Amino acid sequence: MKLLASGHRRGAVALLAASLLGCRGADTSRQSPSTASPFSTASLPVSPPLPGDDDPAPPSPAPLPENMSLVERLAREAASRPAGAVRTEALVEALKARGIAVTRTRQVLGKTLSARYCAIAVTAAGLVASVCEFESADEAIAAAKDSEQRFGAPMPDRRFFTNGKSLLTIANVRDAVEPEAGAVAATFAGLSST
Amino acid sequence: MQSMKRVCSMMTLVVAATTGGAAWASSHREAPFITKNPKVDSTDFYMFRSYEPGRDGFVTIIANYLPLQDAYGGPNYFPLDPEAAYDIHIDNNGDAKEDLTFRFNFRNDLARLAVPAGGQMTPVPLHNIGMVSAGNLGALNIRESYTVRVGRGDLKDEKPLLSGIQFWESLTNAQTGDRRFAKPSDNVGTKTFGPAPGYENYAKAHIYNVRIPRCNTNGRLFVGQRRESFAVNLGTIFDLVNAPANVVAGGVDRASRNLVPSTIADKNITTLALELPISCVKGQSDVMAGWTTAKVKQLRIVGPDASYERPTFEAGALTQISRLSMPLVNEVVIGIPDKDAFSAAEPRNDAQFASYVTNPSLPELLEILFGGAGVAAPNLFPRADLVAAFLTGVTGVNANGSTAEMQRLNVALPVTPRGQQNSLGAAQCFVFGVPTPTNPGCDLGGFPNGRRPGDDVVDIELRVAMGFLLPQNVAPAGQVPFTDASLNEDAQFDNAFPYLVTPLPGAGDGAPN
């Protein structure tokens with residue numbers, strides 16, 4: 001067999017082939033990520049490492065703004081919140097004071113509505129209160145119209161309110177939680193700019 | 001640890017979503033190791049009651065392999081791996097172990113066509129050197145063929161049903177008794193096969209009526225190249241940061257779900273299709289589960305003196321490196337650290353991956369991207385709805401008692417003819433998670449009750465991931481009509497076995513630019 005022309009390769013291959021052909025002919029599949037394969041690589045000839053093989057990966061160059069990852073974008077938005085805007089944090093504190101339970105909050109991408117920063121708060125009843133902060137009150141109003149135009153058909157259960165530079169979107173409004181939605185809106189309206 | 005794993009899973013998806021790539025097809029190049037082995041890379045798996053008129057007593061099972069075939073990919077085109085075993089498994093008793101396995105093995109014979117050159121016959125470098133048709137193969141240089149065997153029982157021990165018989169029994173051509181079947185050549189182009197319907201006629205000649213051991217009724221068999229059947233808008237899905245948000249959340253009607261052509265519409269795949277009599281393959285339950293795997297030999301030595309017949313020396317036990325049942329699982333559910341493990345795992349051992357289903361990352365990503373507009377992920381952990389959809393089946397529809405990632409089909413539910421199928425499948429049969437067969441658009445014949453080619457699994461899974469099957473108070477965005485804006489529907493497919501349509505030609509009329 002031409003494959004086995006070389007003496008030392010013949011020995012290594014024969015050893016490996018014999019060990020593997022002695023395995024069960026039935027299918028084998030790894031049972032879990034930690035189960036070792038019966039195939040041993042111990043006797044395979046190993047090429048010496050080349051210079052640079054073990055060097056750590058170089059750092060990525062700083063991305064252009066339009067090429068930023070989602071994580072980088074969120075960090076950038078969090079670091080550049082506009083002054084004088086009503087914030088989600090304030091809304092959440094005020095809601096808690098009114099006895100409206102907020103189960104969780106999270107920063108979300110402001111770019112979706114061309115905002116400087118956005119965050120959501122979800123109540124125990126499933127209402128979603130999204131507060132987005134803009135450069136100006138005019139931008140907040142424009143974003144509300146834009147959101148209604150783009151998302152109005154697929155998401156008809158939303159309400160919009162502005163307070164200075166901030167836009168509140170309340171989503172998942174339905175009959176059962178209409179009073180709570182009203183309370184959230186009223187709470188937002190009563191907040192002062194930071 | 002759970003929250004850290006969730007964060008890591010989310011971050012992995014975020015990084016993937018923003019660095020681009022072609023991995024959001026149903027299961028195309030979805031795991032790191034399988035990208036090195038495209039010939040055994042499964043792409044889609046379908047299982048449905050045949051809706052060809054008069055064939056509702058049969059189940060059609062389709063396993064597609066070898067993704068992203070460019071039609072012009074000569075001179076070798078896309079034969080499958082003769083060293084691999086391609087399996088279609090059926091569990092018909094709900095224990096997450098195969099009860100039947102249909103194993104496909106391939107062979108590629110070189111005719112060594114040659115032409116005279118300077119007084120000697122010189123082998124040609126081409127796939128064919130003239131026109132080819134079903135009865136005229138003289139110009140075909142590479143002739144592909146395959147066998148199909150059925151094994152009944154657990155592959156772990158390959159114990160025959162009865163003493164004195166083999167575990168593996170061959171399917172045979174019902175007309176000729178042959179065990180070996182010719183596979184049609186890939187669609188090289190219209191000069192080779194003539195203008196349409198030249199290739200289609202040639203391919204149809206390779207649909208076989210087959211005798212299946214221990215079945216009283218014959219089935220049908222086809223293996224060959226088909227046009228890519230999965231529709232997805234990779235740009236919208238995989239570059240979510242820049243995708244129009246109103247597109248992703250705006251699939252209110254057919255038109256809005258069909259805004260852009262599929263990114264992979266100019267590709268072909270290779271199809272393994274079986275049509276089996278239900279009476280022969282189902283167990284006592286009406287629910288049968290299926291999946292496909294591909295296995296290669298453990299040892300591969302690349303020879304310095306390669307030949308066509310023996311470029312490598314391969315030996316050892318067959319080892320699974322590809323696996324697929326429900327669409328998109330290894331694509332967007334399993335985290336990168338475990339994708340290769342999933343490819344090698346068996347359904348009976350799927351408990352190790354459960355946290356990817358109970359604590360999925362995709363909804364978190366959609367919340368981050370579209371939360372400004374009021375989208376929020378379901379706040380319910382563990383996600384019992386996803387466990388039902390992916391791991392157990394839905395109670396009263398296609399649950400079969402096991403917890404494992406398999407495609408489950410209730411063969412007692414009615415068949416929906418082409419033209420009446422809802423591309424949102426059986427998802428429309430639920431209202432806030434409550435089975436409601438009277439709901440407008442309910443189509444019990446569709447995904448996730450099995451999967452038909454015309455089921456738009458991307459749209460269905462996006463919506464289910466965001467809580468379509470959950471009450472509104474825990475899934476605020478559960479009713480938002482998410483879509484990738486690239487539509488899969490029944491009109492895109494044939495109304496007869498093997499349903500998937502003629503592949504794009506490599507050259508000539510109809511060839512992709």
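The shown structure was predicted, so the numbers you read here are calculated from the model rather than taken from an experiment. Numbered from 1 within each chain, the chains take letters A, B, ... in sequence-line order.
When every heavy atom of B:Ala376 is checked against every heavy atom of A:Arg104, the shortest pair comes out as CB-NH2, 4.0 Å. Taking every heavy atom of both residues into account, A:Ala171 and B:Gly374 meet most closely at CB-O, 3.3 Å. Scanning both residues, B:Ala373 and A:Thr169, for their nearest heavy atoms gives O-CG2, 3.8 Å. Nearest heavy atoms, A:Ser130 versus B:Gly372: OG-O, 3.0 Å.
Taking 4.5 Å as the limit, some side-chain heavy atom of B:Leu369 sits within range of a side-chain heavy atom of A:Leu70.
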Does the side-chain contact (heavy atoms from CB on, under 4.5 Å) test come out yes or no for A:Leu127 and B:Asn473, once each step is laid out? CA-CA 8 Å; A:Leu127 280 181; B:Asn473 62 316; over 6 Å; no
Carefully, step by step, assess B:Asn379 and A:Val122 under the rule side-chain contact (heavy atoms from CB on, under 4.5 Å). CA-CA 9 Å; B:Asn379 191 33; A:Val122 183; 5.6 Å; no
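Judged as a side-chain contact (heavy atoms from CB on, under 4.5 Å), and not counting sequence neighbours, A:Ser114 has no contacts.
Of the candidates A:Gln107, A:Arg73, A:Arg106, A:Arg106 is the only one forming a side-chain contact (heavy atoms from CB on, under 4.5 Å) with B:Ile368.
The structure places CZ of B:Phe370 at 11.0 Å from CG of A:Leu113, a figure rounded to the nearest 0.5 Å.
By number of non-hydrogen pairs under 4.5 angstrom with chain B, the leading residue of A:Thr123, A:Asp157, A:Val128 is A:Val128.
Residue-environment remark: CG (A:Asp53) exceeds the threshold of 12 foreign heavy atoms within 6.0 Å. The neighbour count for A:Glu89 CD, taken as heavy atoms of other residues, nucleotides or ligands under 6.0 Å away, is above 12.
Contacts of A:Leu74 with chain B are made by side-chain atoms alone, with heavy-atom separations under 4.5 Å and no backbone atom involved. For a residue to count as touching a neighbouring chain, one of its non-hydrogen atoms must lie under 4.5 Å from one of that chain's; by this rule B:Val480 touches chain A with backbone and side chain alike. Contact annotation for A:Ala125: only backbone heavy atoms (N, CA, C, O) come within less than 4.5 Å of a heavy atom of chain B.
One N or O on the side chain of A:Asn172 and one on the backbone of B:Gln472 form a donor-acceptor pair closer than 3.5 Å.
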